[in-house]
Amino acid sequence: MSAHPSIAEFQIAGDCLAVGGVPLESLAARVGGTPFFAYDRRLITSRVGYLRSVLPSGVNLSYAVKANPMAAVVQHLSGLVDSFDVASAFEMKTALDTPVAPSHVSFAGPGKTTVELTQAVAAGVTIEMESANEARRVVEVGNRLGIRPRVAVRVNPDYQVKGSGMRMGGGPQQFGTDAEEVPALLNELAATDLDFQGFHVFAGSQNLHADILCEALAKNVALLMKLAGDSPCPIRYLNLGGGFGIPYFDKDAPLDISPVGKALGDLMEHVIRPMLPEARVVIELGRYLVGESGVYVTRVVDRKVSRGRTYLVVDGGLHHQLAASGNFGQVIRRNYPIVVGNRMRSTDLESVTVVGCLCTPLDLLGDNVMLPRADVGDLVVIFQAGAYGLTASPTAFLGHPAPVEVLV
Ligand SMILES: *Cc1c(COP(=O)(O)O)cnc(C)c1O
C-alpha cells in the first residue's frame, strides 16, 4: 500500500477500508451499489484544524468550492472556514445556502455573464473582477439595481510561479487584469459607485514546493502593497491565493506547509499589518482541504487475461473520475493510489491493469499496479478523489448512470 500519510488516516475494519468509520462494503449496500464517491468528514475537519494550527492567526481561510461543490461538503466546511470562493452562479447559490455571510463569498472567474453579475450584485457577494470590461458591466448592473457592488480587482502578476500543476497567472492570461494596467483601472473605478474592497491574486494550483510557495507569497504581497498605494480608498480585502498541492503519485512528497505558515506570519507582522491594518487577509484553497478526504469506489465486473496481461474491469471509469485516468490536464499519465478495498490486509499480490467500463483505451485507472489478487465482486478503490472528481468528469460520455456521492 502507498505511504501517503493521508491515506494511512483512513481506518481499516477487518480487511475492509472504511470511510467515516463505515466499511466500504456496508457503505456500498447503504448507497445502493457501486460506483460511488465517499468523503470522510473527519478527515476534512482534521485537515482544516491542521492548517489553522500552521497558518498565522488573523489569516482567513477560504474554500474554493469548485474543488468539490457537493452541497453537504460545502455545508460541512461552512462551519470550519471563514469564507467561500465560487466561480459560477450555481456555486454561489450553494455557498449562500450555508450560514456564511454573502460578504464572505467571493465570485471569481472569467466570462461572468451579465445575468451572473446581476445575481452577484443582488446577493452582496464580493465580485473579483477579471477585466476592465467586466468592471464596467458591474458598474452598470449596480446602477440598474440601485445597489453598490462589492468588488475586488483580480491581478494577473507580472511573474510566474514555477512548480504549479496548473498555471493561472503571469504572462498573457484570461484571468485578472495585468498588474501594470491596474493603476489605470483603479483610477477609472474611483469615479464610479463601486464598493472597492481590495485585491485578489491566484497564480497557480497543485504546488508541492514549500520554498516556491513562500517565494510566491512574498512576491504577491510586494505586488499588492505597491498596487495598494494607487488605491483610492483603504484596502479591506487581500486575497493572496493558495495553490497548495496534494500528493497524487508515488514520487510526490506531501507538501510541508509549516514554512509557508511561517513566511506568511512574517509577512503579516512586518509588511501587511503595518501597511494595511484594515485588510482581511485570505488564503484560498480547494484540493488541499478536501482532495485527500475522498475515495472513488468501484467493483470488479470482469477479470480477464489478454496475452499475458491481467485486466480487472470495474464498473466505474473516467466518466466519473477523469483525473485518475490521466486525462485532466496531465502531461504524463501516472497511477493514482489504488487498492482493493475489501482485501486491505492481503499479501497475495499480483500485477494487474485496472480499466473502467467505457469503450475507449483512455479509460485506464491503474496501469500495471501491484494489488492483492482480486476477482469479480471485489472493490477497487482510488484515493485522492475528494477534489476535481465527479464534477470534473464527462459524466454523459457513454451514458452510464451518475454515481452517488456521500459524506460520511
Ligand atoms: C481553482 C481555483 C482555486 C482552487 O485551486 P486548488 O488547486 O484546488 O487549491 C482557488 N482559487 C481560484 C481563483 C481558482 O480558480
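Every number for a ligand or one of its atoms is a count from 1 in the order of the listing. Scope of the values below: all heavy atoms of this structure, side chains included, with no hydrogens, waters or symmetry mates.
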Under 3.5 Å side-chain donor-acceptor pair for Y237 and E128: yes

Parallel, tilted or perpendicular: ring planes of Y248 versus Y336, cut at 30 and 60 degrees: tilted

Backbone or side-chain N or O of G286 under 3.5 Å from ligand 1 N or O: yes

Flag side-chain contact, heavy atom, 4.5 Å: L224 against L240: yes

Check: H200 N/O within less than 3.5 Å of ligand 1 N/O: no

K66 N/O to ligand 1 N/O under 3.5 Å: yes

Side-chain H-bond candidate by donor/acceptor type, T34 with D315, under 3.5 Å: yes

Proximity to ligand 1 by part of Y388, non-hydrogen separation under 4.0 Å: side chain

Which residue and heavy atom of the protein sit nearest atom 7 (O) of ligand 1, plus the separation: S205 OG, 2.6 Å

Any F202 heavy atom less than 4.0 Å to ligand 1: yes

Where ligand 1 meets R287 - atom numbers and elements under 4.0 angstrom, heavy-atom basis: 6 (P), 7 (O), 8 (O), 9 (O)

Heavy-atom nearest neighbour in the protein, as seen from atom 11 (N) of ligand 1, with distance rounded to 0.1 Å: E284 OE1, 2.5 Å

Atoms of ligand 1 close to A64 [distance to a heavy atom under 4.0 angstrom, numbered from 1]: 3 (C), 4 (C), 10 (C)

Heavy-atom closest contact (H319 atom, S393 atom, distance): O-CB, 3.3 Å

Polar contact flag, side-chain donor to acceptor under 3.5 angstrom, N133-S131: no

Under 3.5 Å side-chain donor-acceptor pair for Y159 and N220: yes

